[in-house]
> 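Questions regarding the structure given below will be posed in turn.
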Amino acid sequence: MKIRTVSFFIITTLLVIALIILRLCWGNVSFSLSDLFAILSGSAKLDKTAYIILVHLRFPVIIATVLGGAALSVSGLQMQALFQNALADPFILGISSASALSTLVFLLLSTHFEAIALLGSYGNIISSAIFTTVVLSCILLFDYKTRRPESLLLIGVMIGFAITSVTSILIYLAPPMQRNDYLLWVFGSFSRITLNEVPYFASFITIGLLLSLLLSYVLNLFLLGKDYAVSSGVSFAKIQILILINTFLLTGVTTAFCGPIGFVGLAVPHMARKLLATWNHKLLVPACMLFGAFVMLLSDMIASLPYLRISLPVSSVTALLGAPLMIFLLWNNHRVKL
């Protein structure tokens, strides 16, 4: 393995660990590093307020940020390899649009049906799962009919536009309170996930990430073209469906729990390729996991600066933070190619 590759993984891992420690310490209520290590080692007693802040508030945010960043980045990598398109990202097949519509429908129904309102955040997750499953079923049906990735890409974009149009109409007709709740969700935030939801979120994302590692060899074959992949004994249709299902799992779960967070899935795969100078997906998949977690942790910290006294939308920070870096890397490379 190249020194460049080893250095990338070591440095990125250390940066992720450092940001996790800082995120635990940093906030409107701050802890010093000595206090934090004393608490984690058990040498210092944890009062009730500190326990709630660290365990119930910051720990779920960190888990969601790390896993969410990894999930969106790997999903983007898979989409770009599958469609051979540098502009493909996790939300290109209407996943974000379906989750957005499901959230709005849930908020509207909860005002009229008390049983639905009692479901709370789980109701939003269930509705998101239903809507994304319907969209995935439509995508797979079209895939069965067309058997062409480029046509599937266009169909996904059109489905996304159609769902967005329905969402816009419902927003216009929605009562002010539900409209405001929906807009807060659309901004995207990792702070809304609770400690009780962490096991469910982590389980689904971990399954998707492990499946992505198993699919890395097939993604390498896709770079050489569909014909080469088929001649190597790969069932292109079955693998394409498996990649689509995995992408819907990773992106759909992250969006349902944390809201739509863009840019990471588009930019991080390109950044990983430039930094590692490789197209080998056996390296790119874990690299995207690590670098995606780093970018998301850094963005979440900036969005939650205690001096601002408010939390900024994470998706806005990811774009502001990542766009200059992406432009710099591409400027040095002089061209974009996939």
Side-chain angles (χ1 to χ4, degrees), residues 1 5 8-9 12 66-96 132-133 135-137 139-140 142-144 146-153 156 201-255 264-273 275-276 278-293 296 338:
M1 189 178 290
T5 303
F8 170 85
F9 280 103
T12 308
V66 171
L67 292 180
L72 294 176
S73 302
V74 170
S75 296
L77 179 68
Q78 290 180 149
M79 289 293 95
Q80 290 168 13
L82 176 62
F83 295 113
Q84 295 291 288
N85 191 318
L87 296 178
D89 74 345
F91 297 127
I92 202 165
L93 296 180
I95 303 173
S96 176
T132 51
T133 300
V135 172
L136 175 60
S137 300
I139 293 292
L140 294 179
F142 283 119
D143 175 55
Y144 177 76
T146 61
R147 298 294 186 185
R148 296 176 61 192
E150 58 273 17
S151 298
L152 189 63
L153 187 64
F201 178 78
S203 298
F204 284 118
I205 297 299
T206 301
I207 291 171
L209 293 177
L210 290 175
L211 183 57
S212 299
L213 290 171
L214 295 176
L215 289 170
S216 59
Y217 169 73
V218 181
L219 295 177
N220 283 339
L221 295 179
F222 281 5
L223 292 177
L224 301 174
K226 176 181 176 180
D227 294 336
Y228 183 85
V230 173
S231 65
S232 300
V234 173
S235 176
F236 184 83
K238 292 180 180 179
I239 293 298
Q240 181 173 271
I241 291 173
L242 187 59
I243 291 174
L244 289 174
I245 292 174
N246 191 39
T247 301
F248 267 75
L249 172 66
L250 291 171
T251 310
V253 170
T254 303
T255 305
V264 175
L266 173 64
V268 168
H270 289 294
M271 294 179 184
R273 291 189 195 98
L275 292 172
L276 287 175
T278 183
W279 295 90
N280 184 359
H281 285 82
K282 290 183 179 180
L283 295 176
L284 285 175
V285 171
C288 283
M289 291 181 189
L290 266 178
F291 200 67
M296 201 66 87
L338 182 64

> Please report the closest heavy-atom contact between Phe204 and Leu249, naming both atoms and the distance.
O-CD2, 3.8 Å
> Could you give me the CA-CA distance, side-chain angles and deciding distance for Gln80 and Leu266, then say whether side-chain contact (heavy atoms from CB on, under 4.5 Å) is met?
CA-CA 9 Å; Gln80 290 168 13; Leu266 173 64; 4.1 Å; yes
> Evaluate Thr278 against Thr5 for side-chain contact (heavy atoms from CB on, under 4.5 Å), listing each step before the verdict.
CA-CA 9 Å; Thr278 183; Thr5 303; 5.8 Å; no
> First locate atom OG1 of Thr255, then atom CZ of Phe248, and finally report the distance between them rounded to the nearest 0.5 Å.
10.5 Å
> So, Ser73 side chain and Ala70 main chain: donor-acceptor pair closer than 3.5 Å or not?
no
> Rounded to the nearest 0.5 Å, what separation is found between the CG atom of Leu214 and the CG atom of Leu209?
11.0 Å
> With a 6.0 Å cut-off (strictly less than), is the heavy-atom count around CZ of Phe8, excluding the residue itself, greater than 12?
yes
> For Thr251 versus Ser75, what's the shortest heavy-atom pair and its separation?
OG1-OG, 3.3 Å
> Using residues 284-291 as the side-chain source, report each donor-acceptor pair under 3.5 Å to any protein atom, sequence neighbours left out, with the distance given to one decimal.
none

> So among Leu219, Ile207, Asn246, which one has a side chain to side chain contact (heavy atoms under 4.5 Å, CB included) with Ser212?
Asn246
> Looking at every heavy atom in both Ala81 and His281, which two are closest together, and how far apart are they?
CB-NE2, 3.7 Å
> From Asn280 CG over to Tyr217 OH, what is the distance, rounded to the nearest 0.5 angstrom?
11.5 Å
> Identify the two heavy atoms, one from Phe222 and one from Ile239, that lie closest to each other, and give their separation to 0.1 Å.
CZ-CG2, 3.6 Å
> Could you grab the distance from atom CG of Leu77 to atom CG of Leu82, nearest 0.5 Å is fine?
11.0 Å
> Do Asn220 and Trp279 come within less than 4.5 Å of each other through their side chains, counting heavy atoms only?
no
> Please report the interatomic distance CE(Met79) to CG(Leu244), rounded to the nearest 0.5 Å.
5.0 Å
> Considering all heavy atoms of both residues, which atom of Val268 and which atom of Gly292 are nearest to each other, and what is their separation?
CG1-N, 3.9 Å
> In Å, rounded to the nearest 0.5 Å, how long is the span from CG of Leu221 to CG of Leu215?
11.0 Å
